[in-house]
Amino acid sequence: MTSVITGDIIGSRQQESQHWVEDLKKILSPLGKNPSDWEIYRGDEFQIEVKNPEDVLLTAILIKAHLRAIKSDARMSIGLGSKTHNAGKISESNGTAFVNSGELFETLKKQKITLAMRTGDSDFDEKLNLMLQLALTFMDNWLAQSAEFVAKAIENPSLSQEELGQKLGINQAAVSRRQKRAQFDLVINLDRYFRKQIKQLTAL
């Protein structure tokens, strides 16, 4: 099983493309090789394969946090499933993970949802998407400082609040406030639940 995120930048027409394309490249670069693992195409769309499906939700949240930190955002669909054709470019690869992600992505704008997932298991999808919609009530409203904290905390899971503060140039009390404001503990709990459910799904 593999997982694929298909996304686009929200309101990209109102922003200077050079600015966020470079930012997006910086965000995606540590996550794999271009263009086999990730690609930016049609100006404002991107796709990334996350080889371990357990990591895909946190990866999507990390991308969102990085973008919100620069006062931008993305619409993203997560597809899980098989990979039947492995091309040199991710946009030319295929399999149910790609189909699930691509088809779902086409519906997001209409639904006015910025993050959703499809595995092909309707019970699983319904449950997880409801949780995601609840989480988006605060994730879609992260201010730049909160989002910056979330990105740093996801990238450095073993650091204490004090150590995160050193990286962000703020004191431990300010880190604690940002953590609360971003509802970060809920994000981590959601990720933990997702990982558990995916383990069970892939074990079937």
Side-chain angles (χ1 to χ4, degrees), residues 1-70 72-121 124-125 128-129 132 135-136 139-140 147 150-151 154-155 191 194-195 198 201-202:
M1 191 185 246
T2 191
S3 53
V4 176
I5 299 168
T6 305
D8 72 346
I9 303 292
I10 295 170
S12 59
R13 306 282 183 270
Q14 284 85 54
Q15 301 169 48
E16 281 180 43
S17 65
Q18 202 47 44
H19 168 61
W20 57 254
V21 167
E22 288 313 309
D23 286 322
L24 190 55
K25 281 181 183 167
K26 272 188 215 135
I27 294 164
L28 297 177
S29 288
L31 303 174
K33 289 194 195 81
N34 170 263
S36 57
D37 297 327
W38 64 267
E39 232 184 314
I40 299 169
Y41 51 90
R42 271 193 290 209
D44 64 350
E45 292 189 14
F46 60 92
Q47 197 165 48
I48 173 167
E49 181 183 0
V50 181
K51 304 259 192 316
N52 180 1
E54 288 178 35
D55 294 333
V56 72
L57 178 59
L58 206 58
T59 302
I61 293 171
L62 176 63
I63 293 169
K64 185 179 190 69
H66 271 304
L67 287 167
R68 298 260 347 150
I70 55 168
S72 187
D73 206 343
R75 224 181 325 262
M76 289 176 281
S77 60
I78 297 171
L80 289 97
S82 63
K83 183 180 187 180
T84 49
H85 177 62
N86 197 359
K89 284 181 164 191
I90 183 172
S91 56
E92 292 168 8
S93 292
N94 210 339
T96 55
F98 294 84
V99 173
N100 283 336
S101 181
E103 285 182 354
L104 180 60
F105 180 69
E106 295 304 321
T107 70
L108 291 186
K109 206 179 259 188
K110 223 175 274 165
Q111 295 181 64
K112 295 187 167 56
I113 292 173
T114 59
L115 183 60
M117 73 170 62
R118 183 185 286 176
T119 64
D121 180 319
F124 180 93
D125 292 352
L128 260 298
N129 281 317
L132 280 180
L136 288 170
M139 294 199 299
D140 279 344
V150 171
I154 289 173
E155 287 171 338
D191 178 59
F194 170 74
R195 285 172 187 273
I198 283 294
L201 195 69
T202 50

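From a predicted model like this one, the values you see are computed outputs, not experimental measurements.
- Side chains of Asn94 and Thr84: no donor on one and acceptor on the other come within 3.5 Å.
- Salt-bridge formation is not detected for the pair Asp8/Arg42: no Lys NZ or Arg NE/NH1/NH2 atom is positioned less than 4.0 Å from an Asp or Glu carboxylate oxygen.
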Got a list of side-chain donor-acceptor pairs under 3.5 Å for residues 25-34, not counting sequence neighbours?
unit_1 : atom_1 : unit_2 : atom_2 : d
Ser29  : OG     : Lys25  : O      : 2.7
Asn34  : ND2    : Trp38  : O      : 3.0

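- Between the side chain of Ser101 and the backbone N or O of Ser77 there is at least one donor-acceptor pair closer than 3.5 Å.
- Listed here is the closest heavy atom pair of Pro53 and Leu80: CB-CD2, 3.6 Å.
- Shown here for Ala60 and Met76, the closest heavy-atom pair between the two residues is O-CE, 3.3 Å.
- For residues 88-116, the set of pairs meeting the salt bridge (charged side-chain N to carboxylate O under 4.0 Å, His left out) definition, not counting sequence neighbours, comprises Glu103-Arg118.
- How far CG of Asn52 is from CG of Leu58: 11.5 Å, rounded to the nearest 0.5 Å.
- For the pair Phe98 and Glu49, the tightest heavy-atom approach, listed with the atom from each and the gap, is CZ-OE1, 4.4 Å.
- Side-chain atoms of Asp125 come within 3.5 Å of backbone N or O of Gly120 as a donor-acceptor pair.
- Under the 4.5 Å side-chain criterion, counting only non-hydrogen atoms from C-beta, Glu54 is not in contact with Thr202.
- Under the 4.5 Å side-chain criterion, counting only non-hydrogen atoms from C-beta, Ile10 is in contact with Thr114.
- Partners of Asp140 by salt bridge (charged side-chain N to carboxylate O under 4.0 Å, His left out), not counting sequence neighbours, listed by chain and number: Lys64.
- To the nearest 0.5 Å, atoms CG (Leu24) and NE2 (His66) are separated by 11.0 Å.
- When atom types are taken as modelled, the side chain of Ser82 and the backbone of Gly95 share no donor-acceptor pair closer than 3.5 angstrom.
- For Thr2 against Val50, the heavy-atom pair with the smallest separation is OG1-O, 3.6 Å.
- Counting all heavy atoms, side chain and backbone alike, Phe105 lies closest to Arg75 at CE1-O, 3.7 Å.
- Taking all atoms of both residues into account, the shortest heavy-atom contact from Leu57 to Leu132 is CD1-CD2, 3.6 Å.
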